[in-house]
Amino acid sequence: MTTAGPLRALTSGSALEVAPALLGAVLSHTTPEGTVSVRLTEVEAYLGVGEDPGSHAHRGPTPRTSPMFGPPGHLYAYFSYGMHVCVNVVCSPVGTASAVLLRAGEVVAGLELARLRRGERVPDRDLARGPARLTVALGIALDQSGDDLAEPPFDLLLPERPLASAAGPRTGVSGVGGGAAYPWRFVLPGETTVSPYRRSPRAVD
DNA sequence: GCTGCGATTGACT
DNA sequence: GTCAATCGCAGCT
């Protein structure tokens, strides 16, 4: 494991390079209640303007998506379906707007606090399985969008060398072919905390 | 100004 | 397996 420093250099590349490198990384978030750490087991890459119709940045910056156009290594959080918050790591030079969506992970520290946030009856492996669940387990709020992941209350530890990963179709993306047209979902093979694949309800064949 | 829809989840049949 | 909940944003009138 290294500190978040190298993240700065790492995130100057394309989301397609950064996404697999983030697998196995441990993201920590500290609040007055305590610290929760999640080891990332599943991520998804999103590119910028004109490159990726599934990306929020596809049509250019808006107040919501502006953090995606900001410096790399920062957080982009957005509100979805009227009730869920999902988090991305911005990983492109200023103005490029590519990012990596954190889809699932394994809670490796702060288990009790994560259980408190997610509910006592939730199995441990489900605590951070799914993008909105991961956000809740970490206690990240919408107003933290744009914050620097290399600064407190955050910490991001990267694996010393990239782990073996597998690529697959993106989930939850509508349009022709659904997410299958963009195989930019990366997982750690064999992990039990990888979220079940679900095609977008509106995907078109 | 108004309408439709989404990078989802959890509850229910 | 199916379905409702819920709201900000993009696109259109």
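As the structure is a computational prediction, the values presented were derived from the model and not from experiment. Here is the naming used below: chain letters follow the sequence lines, and residue numbers restart at 1 for every chain.
- Searching all strands for a Watson-Crick or G-U wobble partner of dA10(C) with both distances below 3.5 Å returns dT3(B).
- The distance from atom OH of Y182(A) to atom P of dA7(B) is 13 Å, rounded to the nearest whole Å.
- In this structure, R170(A) is positioned above the aromatic face of Y46(A), its NZ or CZ under 6.0 Å from the six-membered ring centre and within 45° of the axis.
- Side-chain atoms of R115(A) never come within 3.5 Å of backbone atoms of D124(A) as a donor-acceptor pair (strictly under, hydrogens ignored).
- Residue-nucleotide stacking is present for Y46(A) and dA7(B), judged by a side-chain ring centre under 5.5 Å from the six-membered base ring centre and planes under 30° apart.
- Using atom C1' as the reference point in both dG10(B) and dG8(C), the two lie 22 Å apart (nearest Å).
- Among the heavy atoms of the strands lying under 4.0 Å from Y81(A) is at least one base atom, whether or not backbone atoms are also near.
- With rounding to the nearest 0.5 Å, the separation of CD in E44(A) from CG in N88(A) is 9.5 Å.
- Comparing dA10(C), dA5(C), dA7(B) by their closest approach to the side chain of R59(A) singles out dA10(C).
- You'll find that the side chain of V173(A) is closest to dA7(B), out of dA10(C), dA7(B), dA5(C).
- No donor-acceptor pair closer than 3.5 Å links the side chain of T135(A) to the backbone N or O of I140(A).
- Going from atom CE of M83(A) over to atom C1' of dC5(B) covers 14 Å, rounded to whole Å.
- Residue T62(A) places at least one side-chain N or O under 4.0 Å from the OP1 or OP2 atom of dA10(C).
- Distances shown here put every side-chain N or O of R64(A) at or beyond 4.0 Å from the OP1 or OP2 atom of dC7(C).
- For a distance-only test at 3.5 Å, the side chain of Y78(A) qualifies as a donor-acceptor partner of the base of dA7(B).
- Looking at heavy-atom distances under 4.0 Å, G54(A) makes contact with a base.
- Put simply, CZ on F79(A) is 16 Å from P on dA10(C), counting in whole angstrom units.
- Across the protein-nucleic acid pair, M68(A) atom CE and dC9(C) atom P stand 15 Å apart, rounded to whole Å.
- For R133(A), a side-chain nitrogen or oxygen approaches OP1 or OP2 of dG10(B) to under 4.0 Å.
- Residue R118(A) places at least one side-chain N or O closer than 4.0 Å to OP1 or OP2 of dG10(B).
- dC9(C) atom C1' lies 13 Å from atom CG of L142(A), rounded to whole Å.
- Residues satisfying the ring-ring contact (aromatic ring centres under 6.0 Å, His included) test with Y76(A), not counting sequence neighbours, are Y78(A).
- Spacing between atom CG of L101(A) and atom C1' of dT8(B) amounts to 11 Å, rounded to whole angstrom units.
- The separation between R121(A) atom CZ and dG10(B) atom C1' is 13 Å, rounded to whole Å.
- R103(A) places no side-chain N or O within donor-acceptor distance of the main-chain N or O of V187(A), the cut-off being under 3.5 Å.
- In this entry the distance linking NE2 of H84(A) with C1' of dG8(C) reads 15 Å, nearest Å.
- For H56(A), a side-chain nitrogen or oxygen approaches OP1 or OP2 of dA7(B) to under 4.0 Å.
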